[in-house]
Amino acid sequence: MQVARECLGKVIVHGSTAGRIVEVEAYLGLDDLAAHSSRGITERTRVIFGPPGHAYVYFIYGMYDCLNFVTEQDRTPGALLIRALEPLSGLAVMQRRRPKARRLEDFASGPGKLTLALGITRKLNGANLVESPITVRRLRDEPPIEIAEGPRIGITKCADLPLRFWIAGNRFVSR
DNA sequence: CAATAGATCATCT
DNA sequence: GATGATCTATTGC
């Protein structure tokens, strides 16, 4: 939850494409029934229980990959779902990967969209976020931001917890 | 504009 | 065998 606030405004770089994190959701682990990790360690949730600073990428609805950051210490489950990015570079590449997006706001304004735009797949599951193909960096001149919070989206359990965070007023946040 | 259906499959019961 | 941390196209007002 603290990590969620720290990650907003940071930049994800993958290949020639990069985007600024403008919306995230926290998934806390054992007590959070909406979290994949709430039912313990399985083949899929293994990395959520691992050390922080790694990527958890999972496949959903038979069609989309979603990107998370592992946030808690080793043995403690916790993840941050990246929900929306503001495209910064590699726009032509993103457009090719997302032919249906007509406006810049449609490139990465959702969990499934951003993985397509950046070319992120399950091959990056478990990857270190510092020295792997995918990295997270701080913006050179980080502008001050106002953080808004509210209930998470697209879940049926624990849907009322205010664990969704976004940059107030940013137009690349999902609906 | 809002509501709904369809696509499509890994994971878990 | 059902479900799901989604997106898009289509239908209906």
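Just so you know, these numbers use all the heavy atoms, side chains as well, and skip hydrogens, waters and symmetry mates. Letters go in sequence order (proteins before strands), and every chain restarts at 1.
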Engineer: Which pairs count as salt bridge (Lys or Arg N to Asp or Glu O under 4.0 Å) when at least one residue sits in residues 117-131 of chain A, sequence neighbours excluded?
Structural biologist: A:D65-A:R122
Engineer: So do the side chains of A:F59 and A:C66 get within less than 4.5 Å of each other, counting heavy atoms only?
Structural biologist: no
Engineer: How far apart are the C-alpha atoms of A:E105 and A:R175, what are their side-chain angles, what is the distance that settles it, and do they pass the salt bridge (charged side-chain N to carboxylate O under 4.0 Å, His left out) test?
Structural biologist: CA-CA 11 Å; A:E105 290 93 325; A:R175 291 175 296 118; over 6 Å; no
Engineer: Quick one: salt bridge (Lys or Arg N to Asp or Glu O under 4.0 Å) partners of A:R137, sequence neighbours excluded?
Structural biologist: none
Engineer: Could you provide the dot-bracket string of DNA chain C, using ( ) for intrastrand pairs, [ ] for crossing pairs and | for bases paired to another strand, with Watson-Crick or G-U pairs below 3.5 Å?
Structural biologist: ||||.|||||||.
Engineer: With a non-hydrogen cut-off below 4.0 angstrom, is A:R152 in contact with a base, only sugar-phosphate, or nothing?
Structural biologist: nothing
Engineer: Grab the N/O contacts between the protein and nucleotides 5-13 of chain C below 3.5 Å, and write none if there aren't any.
Structural biologist:
residue	atom	partner	partner atom	Å
C:dA5	OP1	A:H36	NE2	2.9
C:dA5	O4'	A:Y27	OH	3.3
C:dA5	N9	A:Y58	OH	3.4
C:dA5	N7	A:A34	O	3.3
C:dA5	N7	A:H36	NE2	3.3
C:dA5	N1	A:N68	OD1	2.3
C:dA5	N3	A:Y58	OH	3.0
C:dT6	OP1	A:R83	NH1	3.4
C:dT6	OP2	A:G154	O	3.0
C:dT6	O3'	A:G112	N	3.4
C:dC7	OP1	A:P111	N	3.1
C:dC7	OP1	A:G112	N	2.9
C:dC7	OP1	A:K113	N	3.3
C:dC7	O4'	A:Y64	OH	3.1
C:dT8	OP1	A:R98	NH2	2.0

Engineer: Contact boundaries of DNA chain B with chain A (under 4.0 Å, heavy atoms), 5' to 3'?
Structural biologist: B:dA7 to B:dT13
Engineer: Using side-chain contact (heavy atoms from CB on, under 4.5 Å) as the criterion, list what pairs up with A:P144, not counting sequence neighbours.
Structural biologist: none
Engineer: Kindly indicate whether the side chain of A:Q73, heavy atoms from C-beta on, has any atom under 4.5 Å from the side chain of A:P51.
Structural biologist: no
Engineer: Taking the side chain as C-beta and beyond, is there a heavy-atom pair between A:L114 and A:I12 under 4.5 Å?
Structural biologist: no
Engineer: Could you pull out all donor-acceptor pairs under 3.5 Å where a side-chain atom in residues 21-28 of chain A meets a protein atom, sequence neighbours excluded?
Structural biologist:
residue	atom	partner	partner atom	Å
A:E23	OE1	A:S174	N	2.8
A:E23	OE1	A:S174	OG	3.0
A:E23	OE2	A:R83	NE	3.2
A:E23	OE2	A:R164	NE	2.7
A:E23	OE2	A:R164	NH2	2.9
A:E23	OE2	A:S174	OG	3.1
A:E25	OE1	A:Y27	OH	2.7
A:E25	OE2	A:I153	N	2.9

Engineer: Restricting to side-chain contact (heavy atoms from CB on, under 4.5 Å), what partner residues turn up for A:L161, sequence neighbours left out?
Structural biologist: A:R152, A:C158, A:L163
Engineer: Counting only heavy atoms and a strict 4.0 angstrom limit, can you tell me which residues of residues 6-18 of chain A come near DNA chain B?
Structural biologist: none
Engineer: Which other residues belong to the hydrophobic cluster containing A:L139, where Ile, Leu, Val, Met, Phe, Trp and Tyr are joined when side-chain heavy atoms lie under 4.5 Å apart, directly or via other members?
Structural biologist: A:V11, A:V13, A:L88
Engineer: Under the side-chain contact (heavy atoms from CB on, under 4.5 Å) test, which residues partner A:A148, sequence neighbours left out?
Structural biologist: A:W166, A:A168
Engineer: Holding to side chain to side chain donor-acceptor pair (under 3.5 Å), I want the full list of residues that pass it with A:H36, two or more places apart in sequence or in another chain.
Structural biologist: A:Y56
